[in-house]
Every structure is written in structure tokens, then in C-alpha cells.
Amino acid sequence: MKRKFILSSILLIISLQCFAQWELKDTTEFSARQGLPNFFDKINTKQDIKIGFIGGSITAANGWRPKIVSWTEEQYSIKGLFSYSAAIGGTNSKYGVFRIDEHLLSKSDFDLIFIEFAVNDGGASSSDVEKSMEGMVRKIWSKNPYTDICFVYTVNEASLSDCENGKMNMSATKHDSIASYYDIPSVLLTPQTFNRIESDSVVWYDSDYDKATFLNSSGQYVFTADKVHPTDFGHEVYKDILAKCLLKIDTLSGVKEHVLKPVLIADNYENTTMIKGIVRQSKNYDYVDSTGQLSYLDKFKPLENPYFVSQDTNATYQFSFIGNEMGLDILVGPTGGRYIIEVDGVKNELANWDGYCSYYRKQSRFVKLSETKKHIVKIYPSSQPLTLEEKRNSLNNDSRKADFDANPEKYNKNELIFSHIFLNGTLSD
């Protein structure tokens, strides 16, 4: 082995804590299972084709996703293929299952949906991963039982370590338990990536390389410059692997209704909802529903997704619901801070802040409850704001700290910023 991929003790502890009861599955690059019969039937009968994507930043990037769309158009002589991406960087399958109805399934009746969350699910709890992946499958097929699904498992350093031992990483193992039960094809991108690195023509990580050729000073192709997100060369590798797998099953075509099996996990997330915030339920929040009101919100399309923003500790957003879990669709970023989700008088202090907060991005926060019943929820900024010192100390690299030092006023607020309410349940009067 020319290079060892060793898990840090922190990652190992997290993995053991989250997934201790599971054994890693053996490495399998492609599991065809029932294939993509409806997708290829539509291709063969020259019908309009619609492909959807949901995942994290690797799918959101201008990378394997548009590349596989272009390859499909060229390989099968398709004109006007419609594709739609509901991928959001830094998000996992739990965020995905709560938002998939509005963000993806409302956009079209898709012939094929790719789901990619294996990297971002690496630190999630085992039960949430299973419940989320099963929930997405059941939501997709409840809306349209003729939509084919493909799970895609992308690569990080931890998964390369597992691949060296002939195993899938744990999150891919969890995803594949759902794929296997529902007979959904899955593609593991790790083995080919690992083999290329073993050949010495490719290096897994190097931050110093030619951006035109993707070659480093040793003449090796660089797969990633940050140990997670592929370079364009890496995305090309992903596309080639997927294309090879699609070619193996493109003769398996025919109209097939995906009849939902009995649930694998009784309390999976198939009945979760995402609800836009309602102005009348708020007090002392700024309601941002157009561009130009707060410049940092403009790229998040406030016209489609209005935001509630406040750092006023007297601000309150209140509602009731019947269920056992709720959450918020939030923005984390420079003006983020601590806030409270109070449920039935019990205060849960959270933060829309982390070590990456030199810029704004979407995330989710959840509160699980022990009983399925009517709950009263209040959401408001904390009276214990993050100090500038706390913010600076928690930023996770020198460049972010340098940005803080150059622009301290950019960080000098403690705002709660959210757009939607997530419910595993239903709103109540």
C-alpha cells in the first residue's frame, strides 16, 4: 500500500458511537438490483426525460451531476433532457427527507432521481440515517411509483480507509441496507477512486496543483484539494464510473410500478413536512420576503423562501403541533448566534454558528420529543449571545480568522435566521 488512509481517533469514536451495532458491508462498486426500467423505457421509446438530484455539496457542484446529464444526452441521443438539482452543500439525508417534497418532488414527475448523502451522513445518528433514506424512498414512490431511484455513494478519506480493508464505509452501509430492501440500484464510487490512487498516477489530496491540467508538481492528477470535494478531474472520474454502471443496465427496460413494501423502520420519516413560517405567529422579527432587504439573504431567494430574522431577545415565534419532533430550516453565518427552541416550557439552547461561519449557508436543527402529543413551541434569540471572542476562537482555520480580524463588524450580531419549520407531525390550533 503506497499510502495509508488512517481514520483519526475522533472520527473513529464518532463512528463507533453512532453505528456500533452495524457491521460494514463488503465493497461492491455496483449493485444493479431491479435496475432503472422506467427510465430506460422512456429513453427507448423517445419520450421526454426528467432527472432529479438531491444531496450535498458534491452534487450541488458543477461536477458529476451536469456531467452525467450531458453524457446521458449524448449517449442516448436525447434532446431537451430536463434536470433539476435540489442539492444543498453541507446538508445530510435528514435535512433532505424533510425538504424533498417542496424542494424536489414539487418540481416535476421525475423519471430518475439520484440521491447522494453518504459523505454528509458520516456523523449522523444511525437511526436518523435509516429513517431518512427510507422516508425519501417512500415519499418518491408515494408521489410517483414509476420514478426510478439510484443511490450514489461518494468518497472521503474515511471511506478510502474502509475500502483498503474491502469494506464500504458506515454511512454507505446504512444507505445500502435501504437500497437492498427496496431493490434500488446503488453505485459506490470508492473502489475506482482507490484503485487510481494506488496506481500512483493520481493523488488523493494536494492543495497545490495546476488548475487547468489538475496535475501537481509530481505530474499526478489531483483528486481533491480539500479531502472531500473533487476537482474537475475527480468529478470526471465519478461521471465515468456512473456511466459505466448505467451501460450495464440500459437493456433492462420496461414499465414497472414500484409498489411500496411494508415499512422496514416503523417510525421512518416518510410523513415529515416542511412548512413556511407564518407572519402572524411571529413578534419582533424582521420578515424578509424580497431581495434588497438584507443583502446576505439575496442569494437564498427570499421571494420564494421568506426569512424571519431577529436578534431581539423579546422576539418570539410560536406555534403548536401534534407529533414527536420539530426543527428549523436555518441560515448559519457571520451574524449567527445562540437561540432557544422552547417546547412545553423546556428550553433547548442551540446556535446558528459553527467553525465555518465566515459565510452564510443553509442548515437544519432538530429537537426530538419523548411523546407524540400536542406541543407548544416558542423560538427566540438567546439572552446569552456569542461574544466576538467566542466567534473568533471557534473559526476553524487561519483564513477565516484573518477575515474576522479584517472585518469584525461583519460578525458583530447574534441573529436567528430561519425560513421553514420542520415537523414530524402536523400543525395544531
Does a donor on one side chain sit under 3.5 Å from an acceptor on the other, for [X] and [Y]?
| X | Y | value |
| --- | --- | --- |
| K167 | T173 | no |
| N62 | H235 | no |
| T91 | R361 | no |
| D403 | S358 | no |
| N305 | S419 | no |
| Y182 | Q34 | no |

Establish, yes or no, whether a centroid distance under 6.0 Å links the rings of [X] and [Y].
| X | Y | value |
| --- | --- | --- |
| Y380 | Y317 | no |
| F422 | F98 | yes |
| F40 | Y76 | yes |

Count the heavy atoms of every other residue, nucleotide or ligand shown that sit under 6.0 Å from [atom1] of [X], and state whether that count exceeds 12.
| X | atom1 | result |
| --- | --- | --- |
| D183 | CG | yes |
| K347 | NZ | no |
| K211 | NZ | yes |
| N397 | CG | yes |
| F366 | CZ | yes |
| K244 | NZ | yes |

Does [Y] have [X] sitting over its ring (NZ/CZ under 6.0 Å from centre, angle to axis within 45°)?
| X | Y | result |
| --- | --- | --- |
| K299 | Y296 | no |
| K131 | Y269 | yes |
| K261 | Y181 | yes |

Test W64 against every option in Y238, F53, W71 by the ring pair (Phe, Tyr, Trp, His ring centres under 6.0 Å) rule and name the one that passes.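 Between W64 and the candidates, ring pair (Phe, Tyr, Trp, His ring centres under 6.0 Å) is satisfied uniquely by F53.
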
Is a side-chain donor or acceptor of T72 paired with a backbone partner of I68 at a separation under 3.5 angstrom?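 Yes, because the side chain of T72 sits within donor-acceptor range (under 3.5 Å) of the backbone of I68.
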
Check for a donor-acceptor pair, side chain of S57 on one end and backbone N or O of A60 on the other, with a separation under 3.5 Å.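 Not confirmed, S57 side chain does not pair with A60 backbone.
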
Between L331 and K362, does the side-chain contact (heavy atoms from CB on, under 4.5 Å) criterion hold? Intermediate values first, please. CA-CA 5 Å; L331 284 187; K362 292 175 73 68; 3.6 Å; yes

Compare every heavy atom of I376 with every heavy atom of S320, then report the nearest pair and how far apart it is.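 Answer, listing the atom of S320 first, then I376: OG-CG1, 3.8 Å.
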
On a heavy-atom basis, which atom in A118 and which in N169 lie closest, and how many Å separate them?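 Shortest heavy-atom contact: O-ND2, 4.3 Å.
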
Determine, step by step, whether D148 and K42 satisfy the side-chain contact (heavy atoms from CB on, under 4.5 Å) criterion, reporting the C-alpha distance in whole Å, the side-chain angles of both residues, the deciding distance to 0.1 Å, and the verdict. CA-CA 11 Å; D148 293 333; K42 283 203 168 183; over 6 Å; no

Side-chain heavy-atom pair K143, D101 within 4.5 angstrom cut-off: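 No, their side chains stay 4.5 Å or more apart.
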
